[in-house]
*Asks:* 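Can you read through this structure? Questions will come right after.
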Amino acid sequence: MFYGVNLKSRLMLGTAQYPSPAILAEAIAASGTEVITVSLRREGTGGTAFRDLIRASGCRILPNTAGCHTAKEAITTAHMAREVFGTNWIKLEVIGHADTLQPDPFALVEAARVLCADGFDVFPYTTEDLIVGEKLLEAGCQVLMPWGAPIGSGQGLRNAAGLETMRAHFNGVPLVVDAGIGAPSQAARAMEMGFDAVLLNTAVAKAVDPVGMARAFGNAVEAGQMAYSAGLMPPRDMASASTPIFGMAELA
Amino acid sequence: MQVELNGKPFETDAATLADLIDAEGFEAPCVATAVDGIFVPRATRASVSLTEGLRIEVLSPMQGG
């Protein structure tokens, strides 16, 4: 449950960097996603068409505060997004460094506290740091979104052990791996680890065939989720024959 | 008077933020506004008087990740 909302598809999809609006629309449909992320920018060309496209997608909108470097900027952007998109949902990004696009955890917690108190449903883009996660929950967040790897890098789950620890630590808290996913196998792995959803953009938008890749990610996320529900076997150090020895013929 | 509109110097006679939005052909219900870094809700745009040097942002939905 994400702020009281049940999602069937656990893939959240970004809408930037697609070759064309038509391909974006097709990719959204092919992925099966129910949540798309959008931003607010100074009006350029194609504004009206984009508004129509996101409405036609039928998806729930998760506006972001991408590009904000201070709590104040992010808070103002969140308020502007709430009015334009008519939703309390906000993907809270407060970027700490321009090269790594790593979140600034201090400003993030500060902005989250203000926004949660103001009735926003905050989806904070954070790291796998447990203490930052605790502070975000104290601030009122009911979802955490740790990064897999730096935004747009496609490196996958760079600190898989840290993410596993986070999953175990925040039992019952919806966790979304956001950013850095480059391949469907990485998304499936996050889901197999028990994450509740995966948010990605570049891996689909920059694929040779974004629509085909959107479908691949949709299936991978579903497979990973099913695998987690079904319960993975524990790994073993030694081989263990799967075919029974009993009843084997003596042919030597 | 001169204000800054979306990062560029802009000459205007508009008395209020609401007037500026109308005069410049922005679709008033589809944009969000901020003045000097502070959010201005749609309903209060008409009560924000424009003065020299204000930094005005008018933002629209765009692609994002």
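Residue numbers start from 1 in every chain, and the chains themselves are labelled A, B, ... in the order their sequence lines are given, proteins ahead of strands. This is a predicted model, so every value here is computed, not measured.
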*Asks:* Can you name the one residue among A:I75, A:T76, A:T77 that meets side chain to side chain contact (heavy atoms under 4.5 Å, CB included) with B:F39?
*Replies:*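 The passing option is A:T76.
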*Asks:* Using side chain to side chain contact (heavy atoms under 4.5 Å, CB included) as the criterion, point out the one residue from A:R55, A:R51, A:R41 that pairs with B:P61.
*Replies:*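 Only one of A:R55, A:R51, A:R41 forms a side chain to side chain contact (heavy atoms under 4.5 Å, CB included) with B:P61, namely A:R51.
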*Asks:* Rounded to the nearest 0.5 Å, what separation is found between the NZ atom of A:K72 and the CD1 atom of B:I38?
*Replies:*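 Separation between the atoms: 4.5 Å.
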*Asks:* Could you give the distance from CD1 (A:I54) to CE (B:M62), rounded to the nearest 0.5 Å?
*Replies:*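 If we round to the nearest 0.5 Å, A:I54:CD1 and B:M62:CE are 10.0 Å apart.
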*Asks:* Name the option with the most non-hydrogen atom pairs under 4.5 Å to chain B; the candidates are A:L40, A:L200, A:L53.
*Replies:*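 Of the options given, most contacts go to A:L40.
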*Asks:* For B:G65 versus A:N64, what's the shortest heavy-atom pair and its separation?
*Replies:*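 So the two residues come closest at O-ND2, 2.7 Å.
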*Asks:* For atom CD of A:E222, is the number of surrounding heavy atoms from other residues, nucleotides or ligands below 6.0 Å larger than 12?
*Replies:*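 It does not: A:E222 CD has 12 such atoms or fewer within range.
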*Asks:* With only heavy atoms counted, which part of A:Y18 is less than 4.5 Å from chain B, the side chain, the backbone, both or neither?
*Replies:*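 Contact with chain B is absent: no heavy atom of A:Y18 under 4.5 Å.
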*Asks:* Verify the neighbour count for atom OH of A:Y3: are there more than 12 heavy atoms of other residues, nucleotides or ligands below 6.0 Å?
*Replies:*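 More than 12 within 6.0 Å, yes.
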*Asks:* Using non-hydrogen atoms only, which part of A:E73 is less than 4.5 Å away from chain B: side chain, backbone, both, or neither?
*Replies:*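 Contact with chain B involves no heavy atom of A:E73 at all.
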*Asks:* Would you say the side chain of B:E27 lies within less than 4.5 Å of the side chain of A:T48, judging by non-hydrogen atoms?
*Replies:*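 Sidechains of B:E27 and A:T48: in contact.
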